[in-house]
Amino acid sequence: MLFSKIFIPTLREAPSEAEAVSHVLMLRAGYVRQLAAGLYIYLPLAWKVMGKINKIIREEMDAIGAQEISMPSLHPSEIWQKTGRWDDIGEEMFRLSDRGGRDMCLGMTHEEIITWLASMEIRSYRGLPQIWYQIQAKFRDEARPKSGVLRTREFIMKDSYSFDRDENGLEESYKKHAEAYHRIFSRCGLKFYQVESDPGMMGGATAHEFMAPSPAGEDTIILCKKCGYAANIEIAKSTPMSQPPQESWILEDIPTPGKRTVDEVSGFLKISPIFFIKSLVLIGKEGPFLALVRGDQELHEKKLQKIVGDFRPAQRDEVRNILGVEAGFIGPHNNKLRKIADISLKDGIYISGANKEGFHTKGIKPSVHFEAEWHDIHVAGEGDKCSKCSEEIALGKAIEIGNIFKLGTKYSKPLKAFYLDEKGREIPIIMGSYGIGPARIAAAAIEQNNDKDGIIWPSSIAPFDMEIIPLNMEDAEVSRITNQFYNELIKEGIDVLMDDRDERPGVKFKDADLIGIPCQVIIGGRSLKDGFVEIKSRKTKEVEKLSVDVAIKKIKEIGIQGR
RNA sequence: CGGGGCGUAGCGCAGCCUGGUAGCGCGCCUGCUUUGGGAGCAGGAUGUCGGAGGUUCGAAUCCUCUCGCCCCGACCA
């Protein structure tokens, strides 16, 4: 492809709205343009990258026996009503009605539709297992689209769905997907981790996410270098660092006039927050209860929600009605409320509210002065210990590039996707659902591979295998050799971009570095006189000077390897 | 949805406080020169100053409303 014939609108300066590195570089290097918040146009270079990513995805999906299909983006509401999600999902779903007034929506995912299909078509255990997938647009009216293509309102997704007879079958399909995902992300040149995750609204018991570490990521993951435990912070278990030393306090109420928060009381008494119990009054379905975390810890609401269901914080006057004391002087002892306490409080001796206006109690011993249900309900933090092997864990930001869910019968039951087993019994199909965001792969690849000059694509997903940079097309010899290279590479089926523009060398170098094709072939009059051309690595900037014949041979090898 | 910021030429920005014929750099077009890291000279084109209403002799500038975009938070199958 000739540079002069492909639309690559590079910019010297990045539009001011871009913040994330991948966003800035995609705009500057002429890959994307923004139509509106969370809506992007993919220009030729970006679309070529997406094509390469999707090709890798297809190859690996096909390799596990998955079959590609295509489902509509426009869905009738009835099916979504049957699973309850028409009502469960709020403003995030784009809703519209057709000319007949029927409620419709734009598909944000396809569990409903594919399960409908299975319910119509799968009758017998003989038709199982199945894995069906598609690569297609999804629509989500995000509250806050951000970071370029990382979080958009319309995006391409590879979504696949497995249908099995039983849990063992699901386990098999799940494993196959996990393995395929490892191959896909590795082939795309990404650093990534598979982490345990919260199934969330998807339902089901088990879920994992594939996370590409990057400061631009929206998720926080925790990693244990020793045992390999990796989890999204949404569910990550950990042991808080440094248990407080045992003090020999006796149980006593001490006046703390006007001091309510842990910080205030801790400062007033000059005792570290680690010796405090934070007592939060919450209102659940079955009434008020107390959540207890150590003074230096934060309550993890999602973890708590898994234990007690939905809850909300109590209002100021509710607290007074329930405990007869103002929030700020509440403690775990001297009251009969249900208590959920974080495991970090199990040992030690603590200070907490005295349940008496203006007083805190010092010397509280858990399990002696109060009883509680013990759970991990704190937010894992830097310096915490791994809950499995006690090694120190690391926290990091990451981009979610894929996820896998065990759904079970969450969709097959309401949509009546049943099969008949050998004995003629009607049994709900066991399902799994699996997603990959190709645009996030591209953005993560840029986030993980760039320098001050621009993008450095992994060769597997670069828009071209290599770029030829003739420094002066007016020079007859440069022009001749360039065309020789170009034609020979094309003949080999190597996807090559040739910068035939009448631009100065500096412009061509800058643009080449910006768009990030990993291998550059530089053909200039000066070096040609000495009988060589240059092969330059975009990543290392290393230049190899080779004679024309050797260079052609070498480049063919590089180009073919890159595929 | 809460908090903050910004909308002036394709991109980056100044002008606004203190109202008086809309500017700079880059890019773009033409010509000549130039050709190993964003060239030089000469000439040229480009604006509903986000939109609507108001104040005023006069509004990019002041007032009111509104729309859009970005960032932080909440939310996120």
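Letters A, B, ... mirror the listed sequences (proteins, then strands); counts begin at 1. Note that this is a predicted model, so its numbers are computed, not measured.
As rounded to the nearest Å, B:rG50 and B:rA59 have C1' atoms that lie 16 Å from one another. For B:rG4 and B:rA42, the C1' atoms lie 48 Å apart once the distance is rounded to whole Å. Using C1' as the reference atom, B:rG44 and B:rG3 are 47 Å apart when rounded to the nearest Å. Comparing B:rA14 with B:rC24, their C1' atoms sit 7 Å apart, to the nearest whole Å. Rounded to the nearest Å, the gap between the P atom of B:rA52 and that of B:rG15 is 25 Å. The same atom, C1', is picked in B:rG47 and in B:rA9; the two are 5 Å apart, to the nearest Å. B:rC49 and B:rG68 are spaced 15 Å apart, taking the C1' atom of each and rounding to whole Å. One C1' atom belongs to B:rC26, the other to B:rA39, and the distance between them is 14 Å to the nearest Å.
Between A:Q520 and A:Y40, the residue whose closest nucleotide on RNA chain B is further toward the 5' end is A:Q520. Nearest-nucleotide positions on RNA chain B for A:A143 and A:A20 put A:A20 closer to the 5' end.
Looking at heavy-atom distances under 4.0 Å, A:R153 makes no contact with the nucleic acid at all. Using a 4.0 Å heavy-atom distance criterion, A:K146 is classed as a sugar-phosphate-only contact. A:D475 comes within 4.0 angstrom of no nucleic acid atom, judged by non-hydrogen atoms across all strands. Using a 4.0 Å heavy-atom cutoff across all strands shown, A:T83 reaches no nucleic acid atom at all. Looking at heavy-atom distances under 4.0 Å, A:M157 makes contact with a base. Residue contacts for A:A36: at a heavy-atom cut-off of 4.0 Å it reaches the sugar-phosphate backbone alone, with no base atom in range.
Counting to the nearest Å, the P atom of B:rC75 and the CD atom of A:E91 are 14 Å from each other. Regarding A:K302, its NZ atom lies at a distance of 7 Å from the P atom of B:rC75, rounded to whole Å. The distance from atom CD of A:E142 to atom P of B:rC75 is 13 Å, rounded to the nearest whole Å. B:rA39 atom P lies 14 Å from atom CG of A:L471, rounded to whole Å. Look at CZ on A:R501: it is 11 Å from C1' on B:rG38, rounded to the nearest Å. Separating the CD atom of A:E19 from the P atom of B:rC6 is a distance of 15 Å, rounded to the nearest angstrom.
In this structure, the side chain of A:D500 engages the main chain of A:S4 through a donor-acceptor pair within 3.5 Å. Checked by atom type and distance alone, the side chain of A:K510 never pairs as donor or acceptor with a backbone atom of A:D453 at under 3.5 Å. Panel note: side chain A:Q448, backbone A:S214; no donor-acceptor pair is recorded below 3.5 Å. Between the side chain of A:K278 and the backbone N or O of A:Q297 there is at least one donor-acceptor pair closer than 3.5 Å. A donor-acceptor pair under 3.5 Å is formed between the side chain of A:S162 and the backbone N or O of A:G432.
Counting only heavy atoms from C-beta outward, the side chains of A:P288 and A:E318 never approach each other to under 4.5 Å.
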- Item | A:E477 vs A:I481, side chain to side chain contact (heavy atoms under 4.5 Å, CB included): CA-CA, chis, key distance, verdict | CA-CA 6 Å; A:E477 189 61 5; A:I481 298 295; 4.0 Å; yes
- Apply ring pair (Phe, Tyr, Trp, His ring centres under 6.0 Å) to A:H23 and A:Y40, showing your working. CA-CA 11 Å; A:H23 190 197; A:Y40 282 85; 5.7 Å; yes
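Taking the side chain to side chain contact (heavy atoms under 4.5 Å, CB included) definition, one finds that A:R12 meets it with nothing, sequence neighbours left out. Residues satisfying the side chain to side chain contact (heavy atoms under 4.5 Å, CB included) criterion with A:E264, sequence neighbours excluded, are A:K259, A:R260, A:T261. The side chain to side chain contact (heavy atoms under 4.5 Å, CB included) search around A:K508 returns A:I469, A:P470, A:M473, A:D499, A:R501, A:E503, not counting sequence neighbours.
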Contacts under 3.5 Å, N or O only, protein and nucleotides 44-51 of chain B:
none

Could you go through nucleotides 26-28 of chain B and list every protein N or O atom that sits under 3.5 Å from one of its N or O atoms, giving the distance for each pair?
| unit_1 | atom_1 | unit_2 | atom_2 | d |
| --- | --- | --- | --- | --- |
| B:rG27 | OP1 | A:R12 | NH2 | 3.3 |

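With distances taken from any side-chain atom of A:A37 to the nucleotides B:rC72, B:rC70, B:rG12, the minimum falls on B:rC70. Closest to the A:R504 side chain, of the nucleotides B:rA74, B:rG38, B:rU34, is B:rU34. Each of B:rG38, B:rG12, B:rG73 was ranked by its minimum atom distance to the side chain of A:E17; first place goes to B:rG12. Set against B:rG12, B:rU35, B:rC72, the side chain of A:R144 has B:rC72 as its closest nucleotide. Nearest to the side chain of A:D502, among B:rA74, B:rU35, B:rC11, sits B:rU35.
Taking the ring centroids of A:H177 and A:F210, they lie at or beyond the 6.0 Å cut-off.
The stretch residues 523-538 of chain A touches RNA chain B through A:G524, A:R526, A:S527, A:E534, A:K536, each having a heavy atom under 4.0 angstrom from the strand.
Using N1 to N3 plus N6-O4 or O6-N4 for Watson-Crick, or N1-O2 and O6-N3 for G-U wobble, each under 3.5 Å, B:rA42 pairs with B:rU30. The partner of B:rG37 cannot be assigned: no Watson-Crick or G-U wobble pair with both contacts below 3.5 Å exists in any strand. Nucleotide B:rC75 forms a pair with no other nucleotide shown, judged by Watson-Crick or G-U wobble geometry with both contacts under 3.5 Å. Across all strands shown, the partner of B:rA52 is B:rU64, judged by Watson-Crick or G-U wobble contacts whose two distances both fall under 3.5 Å.
One finds the CD atom of A:E467 at 4.5 Å from the CD1 atom of A:I515 (value rounded to the nearest 0.5 Å).
Cation-pi contact between A:K406 and A:Y174: present, with separation from the ring centre below 6.0 Å and deviation from the ring axis of at most 45°.
Taking 4.0 angstrom as the limit, A:S16 places none of its side-chain polar atoms (N or O) nearer than this to OP1 or OP2 of B:rC11.
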